[in-house]
Protein chains: 2
Amino acid sequence: MEDDLEPSIIKTFRNSGYKATPQRIAISRYVLGSDEHPTAQKVYLEIKKTHPTVSLATIYRTIKILKDAGLILELNMHQGETRFDPVTEPHAHLLCLRCGRIDDWTDPIMPKLIDKASAAENFIVTGSNFELKGICDGCAKMGYGADITP
Amino acid sequence: MEDDLEPSIIKTFRNSGYKATPQRIAISRYVLGSDEHPTAQKVYLEIKKTHPTVSLATIYRTIKILKDAGLILELNMHQGETRFDPVTEPHAHLLCLRCGRIDDWTDPIMPKLIDKASAAENFIVTGSNFELKGICDGCAKMGYGADITP
DNA sequence: CTAGTTGCAAACGGTTTGCACGAGC
DNA sequence: GCTCGTGCAAACCGTTTGCAACTAG
């Protein structure tokens, strides 16, 4: 999340033939530096703090550029709620159905499992997403965990 | 997919306090017996063949009942395209970005990986979905596989 | 008979798009 | 200065909902 991200962001846009506008830089800085898997709305509200006139359309257009450049992934764990993830290596997402947070988790087995599936089904894998839904540690400790809809 | 599914479907509805209408039975028979992970649209078109006056609203309402009963899972691998899966045990979905088909794949490692994540993060898992995106065997053999957007 | 269900059409919410003004390079 | 990017508002599209007519039990 430090400023040294900026030069490489600018380079990324220019190299792909895009102009490095203040909006694009701000959006990229935020999304690439975030670990909370924000929605477009969340990005919009965040960027608005420093760029009050930004529009949701610009958020979506910039996110699309980052997606096409392979810098972020799209998560669709809930229907009607697309979230974004700057971590593009194989990893799992633990979605808490109570508080909505998504935590990352990685394990060396994961790439092996991907290879195995790929070999077994003769399938060329270009992307993966291991989703786990349930109740996170914090929410379980607060006494929740019973009345959820999986 | 045989007719012996029907009595248990009727029982399921009645036990949950729902009426077993012809529409609900037809929709359930199709969704529970399908291995192609249909969208609501697909279900609608299919049911329309035998029940021409059925509405999309009824499809959605019936699917919700099946979901709440834990008989089917919801898949959101593409944004804006919810599909349904009558296989509720932990398994992987291989989505072909070329032809759109989704194949199932299971491996004994999967439940172990879920347990490991659960233990490592102190997370109570109630559902899982392992997504792999790429190119399926058939499409790869037809010479595709290069110009895809992951 | 009567509460629950259906089909219709309108509402909804997230995402995309057309367009005229404005800004990067 | 020429082109690309932005903000706005309208369009889109899958899903949900309100309602009057209908039907399962």
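Worth saying up front: this structure is predicted, and the values here are computed from it rather than measured. Chain letters run A, B, ... following the sequence lines, proteins first, then strands; residues in each count from 1.
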Practice prompt. Only pairs at least two apart or in different chains count here, so list each salt bridge (Lys or Arg N to Asp or Glu O under 4.0 Å) that has a residue in residues 69-96 of chain B.
Written response: B/Lys67-B/Glu74, B/Glu81-B/Arg83
Please write out each protein N/O paired with an N/O of nucleotides 1-6 of chain D under 3.5 Å, distance rounded to 0.1 Å.
{"residue": "D/dT3", "atom": "O2", "partner": "A/Lys19", "partner atom": "NZ", "Å": "3.0"}
{"residue": "D/dC4", "atom": "O4'", "partner": "A/Lys19", "partner atom": "NZ", "Å": "3.3"}
{"residue": "D/dG5", "atom": "OP1", "partner": "A/Lys19", "partner atom": "N", "Å": "3.3"}
{"residue": "D/dG5", "atom": "OP1", "partner": "A/Arg24", "partner atom": "NH1", "Å": "2.8"}
{"residue": "D/dG5", "atom": "OP1", "partner": "A/Arg24", "partner atom": "NH2", "Å": "3.3"}
{"residue": "D/dT6", "atom": "OP1", "partner": "A/Thr21", "partner atom": "OG1", "Å": "2.7"}
{"residue": "D/dT6", "atom": "O3'", "partner": "A/Gln23", "partner atom": "NE2", "Å": "2.9"}

Item to complete: Sort and list the pairs that fulfil ring pair (Phe, Tyr, Trp, His ring centres under 6.0 Å) and have at least one residue in residues 80-108 of chain A, not counting sequence neighbours.
Response: A/His37-A/His93, A/His91-A/His93
Item to complete: Starting at atom CZ of B/Arg83, determine the distance to atom P of D/dG14, rounded to an integer number of angstrom.
Response: 13 Å
Discussion item. Going by the rule side chain to side chain donor-acceptor pair (under 3.5 Å), which residues pair with B/Thr82 if we only count those two or more places apart in sequence or in a different chain?
Written reply: B/Asn76
Worksheet item: Below 4.5 Å, heavy atoms only, C-beta onward: do A/Leu71 and A/Pro86 meet side chain to side chain?
Response: no
Exercise answer: donor-acceptor pairs, residues 9-19 of chain B side-chain atoms, under 3.5 Å, sequence neighbours excluded:
{"residue": "B/Thr12", "atom": "OG1", "partner": "B/Ser8", "partner atom": "O", "Å": "2.8"}
{"residue": "B/Asn15", "atom": "ND2", "partner": "B/Lys11", "partner atom": "O", "Å": "3.4"}
{"residue": "B/Ser16", "atom": "OG", "partner": "B/Thr12", "partner atom": "O", "Å": "2.9"}

Item to complete: Using the heavy-atom set of chain A and a strict 4.0 Å cut-off, write down the first and last nucleotide of DNA chain C that makes it in, 5' to 3'.
Response: C/dG14 to C/dC25
Discussion item. Please determine whether a side-chain nitrogen of the Lys or Arg among A/Arg29 and A/Glu6 lies less than 4.0 Å from a carboxylate oxygen of the Asp or Glu.
Written reply: yes
Worksheet item: Does B/Asp137 have any side chain to side chain donor-acceptor pair (under 3.5 Å) partners at least two apart in sequence or in another chain, and if so, which?
Response: A/Asn122, B/Lys141
Item to complete: Name all residues meeting the side chain to side chain donor-acceptor pair (under 3.5 Å) criterion together with B/Gln41; count only those two or more places apart in sequence or in a different chain, and write none if there are none.
Response: none
Worksheet, complete the sentence: Taken to the nearest whole Å, CG/B/Leu75 to P/D/dG14 is 17 Å
Worksheet item: Which residue pairs satisfy the salt bridge (Lys or Arg N to Asp or Glu O under 4.0 Å) criterion with at least one member in residues 49-66 of chain A, sequence neighbours excluded?
Response: A/Glu46-A/Lys49, A/Lys64-A/Asp68
Worksheet item: Looking at five pairs on each end of the helix from C/dC1-D/dG25 to C/dC25-D/dG1, what is the angle between the two axes, given to 10 degrees?
Response: 40°
Item to complete: List for me each residue that meets side chain to side chain donor-acceptor pair (under 3.5 Å) alongside B/His78, sequence neighbours excluded, and say none if there are none.
Response: none
Worksheet item: Base, sugar-phosphate, or nothing for A/Thr39, non-hydrogen atoms under 4.0 angstrom?
Response: nothing
Worksheet entry | A/Asp107: partners by salt bridge (Lys or Arg N to Asp or Glu O under 4.0 Å), with sequence neighbours left out | B/Lys116
Discussion item. Rounding to an integer number of Å, can you tell me how far B/Arg14 CZ sits from D/dT23 C1'?
Written reply: 13 Å
Worksheet item: Quick one: B/Lys42 NZ to D/dG14 P, roughly how many Å, whole number?
Response: 16 Å
Worksheet item: How close or far is atom C1' of D/dG7 from atom CD1 of A/Ile59, stated in whole angstroms?
Response: 12 Å
